[in-house]
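Structure first, commentary second.
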Amino acid sequence: MSATRRRARPTRSGGAPLTLHAHAYADPAILERERREVFAKAWIAIGHVSEVREPGDFAAGSIAGEPVVVVRDETGALRAFSNVCRHRAAQLATGSGSCGKVLRCPYHGWTYRLDGTLAAMPEGRGFGEDFDRDAVRLPEFRVDTLGGLVFVNMDPAAEPLREWFGDIAERFEGLGIERLVPVTARDWQPREIMRGLPDVIRSRRLDDARALVPAAETSRMWVSYDHNWKTLADNYLEGYHVPIGHPGLLRLLDYPKYKATLHRRAAWIDGPLRDNPSRDLVERLYQRLQRPMPEFPEELREQWTYIHLWPAQFIDIYPDSIDIWQMHPDGVRRTRTLFMVFRSPSEGVRDRVARRLNSVINSEVMDEDVVLCDGVQAGLESLTYTRGVLNDNENAVGHFHDLLREAVPGIDDGP
Amino acid sequence: MTGRSHGRHDWLGLTPEVERFGPILVDRIAGALGEAPDALGEARIRELIRTGDAAAWLAYLAALTALVERGREAGVAAPEHVILAEILRDQYRLAPGVLRLGPDDEARSRRLEEMLDPS
């Protein structure tokens, strides 16, 4: 089969686009190719600019299971490295915070400068006179920022970030995410505090007491789902299932105006809010209390907006907050999703309540989606199903599948 | 998490190489200088590991650095002198991962780097 034929969108005779072959959702060999040919070549958001503002600040993340860490070096430049110690493969950093002037491996203490070179390792003489420590450095990746997010790309040949996402880049920058702050949850860890108290009492030092209270970090919530990552992505990308699968959402969103606009490696989905009150108390309260963040663009104030950034980054833009979902394939039928929330720095009590109500509403939507995706994943592996067709309202799914066909030639061929 | 708020006992991770090689190197350098090594020897290291803290460890490194510098001024060219200087240089390179260096420590670190690589 020629490359041209392979990339052409298969259509049925009636002209409706066809979905990917179901085999692509259950084949470990395809998943491995996706890790290498999709994720390892894509710009992936690792964190928020506020996490790496000062020299020594870092944010750790992963690209489809590949550990990466972004640091602000001593010259003020952002740098991205493999987050894998060259000694015995431990992860150097987790979460976000400040590492001072060095990244230190928590396993054996190998210590790296913020340019990725090895500064020293404990008991260095034990590696022999001829061990060339100057040759040891963390592999470095490309890093750039767009619209308040820090993106990393492992592929040295990839297009620059703005060109990569095409004309959505400017629209994305207009969202003002850089002016928002990540929602943090101080993890008080009562057991850890109790365990550390005797030391503090012995030392009688204020600094030791302060150190018991962990610093506020960006709240990163990881949730695992028993679905192929594309099953979850397909579900996010279309509103065709909203009237059937999400009655509550249908009460809030003006479904006839729900539409996806396609961009080069992205989709922008507008979901205008209805102006009549919902019959459901939580939804009605949300409608009454929610008000747009002052940082929010005027044209998006009356709607919920959903953005897909290739390959697996999903951004929910609500007037009261912004959620970012990232999907990390963790097996052919397992996906780890990273969830971060951003809010206005000037958020008041009313806004916090509205954000909480939003969370209640969308948690229910998520629960409904999980049940739907459970069924879809099983159906995709049915002996009687090969591929389906796409409605106009599923145009973003078709676009996503075309991008996959382009990035992973042969993905659509079946077993 | 790698973080600036170092654990109170993290500095202990610095001690093994100094404990292993320090006493004999100190003995020889101090001997060449005609000094008594007692205040820097094995008993001192063990005491520090048992009851010391990060500040005491930095003070001990400062004393070892001063010994190396006195040895250099006195023209002690024995391999032991270079080895102790290298161990101390690594101590100061590793230290920012577990404790906060003061300006005097930073200056000692720079002097050791220059001593071992004058270029």
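A, B, ... follow the sequence lines: proteins, then strands. Residue 1 opens every chain.
Counted within 6.0 Å of CZ on A:Arg125, heavy atoms from surrounding residues, nucleotides or ligands total more than 12; the atom is thus considered enclosed. Annotation for B:Ile24: atom CD1 does not count as buried by contact number, only 12 or fewer foreign heavy atoms lying within 6.0 Å.
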Could you walk me through whether B:Leu101 and A:Lys101 satisfy the side chain to side chain contact (heavy atoms under 4.5 Å, CB included) test, starting with their C-alpha distance in whole Å, then the side-chain angles of each, then the deciding distance to 0.1 Å, before giving a yes or no? CA-CA 10 Å; B:Leu101 294 180; A:Lys101 294 181 175 178; over 6 Å; no
Using the rule given for side chain to side chain contact (heavy atoms under 4.5 Å, CB included), can you reason through B:Asp90 versus A:Arg133, listing the C-alpha separation, both sets of side-chain angles and the distance that settles it, and then say yes or no? CA-CA 12 Å; B:Asp90 283 358; A:Arg133 64 164 76 179; 2.7 Å; yes
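A pairwise comparison of heavy atoms in A:Ala120 and B:Arg93 identifies CB-CB, 3.8 Å as the closest pair. In terms of heavy atoms, B:Gly13 sits closest to A:Pro122 at O-CB, 4.4 Å.
Contacts between B:Glu86 and chain A at a heavy-atom distance below 4.5 Å involve the side chain alone, from C-beta outward.
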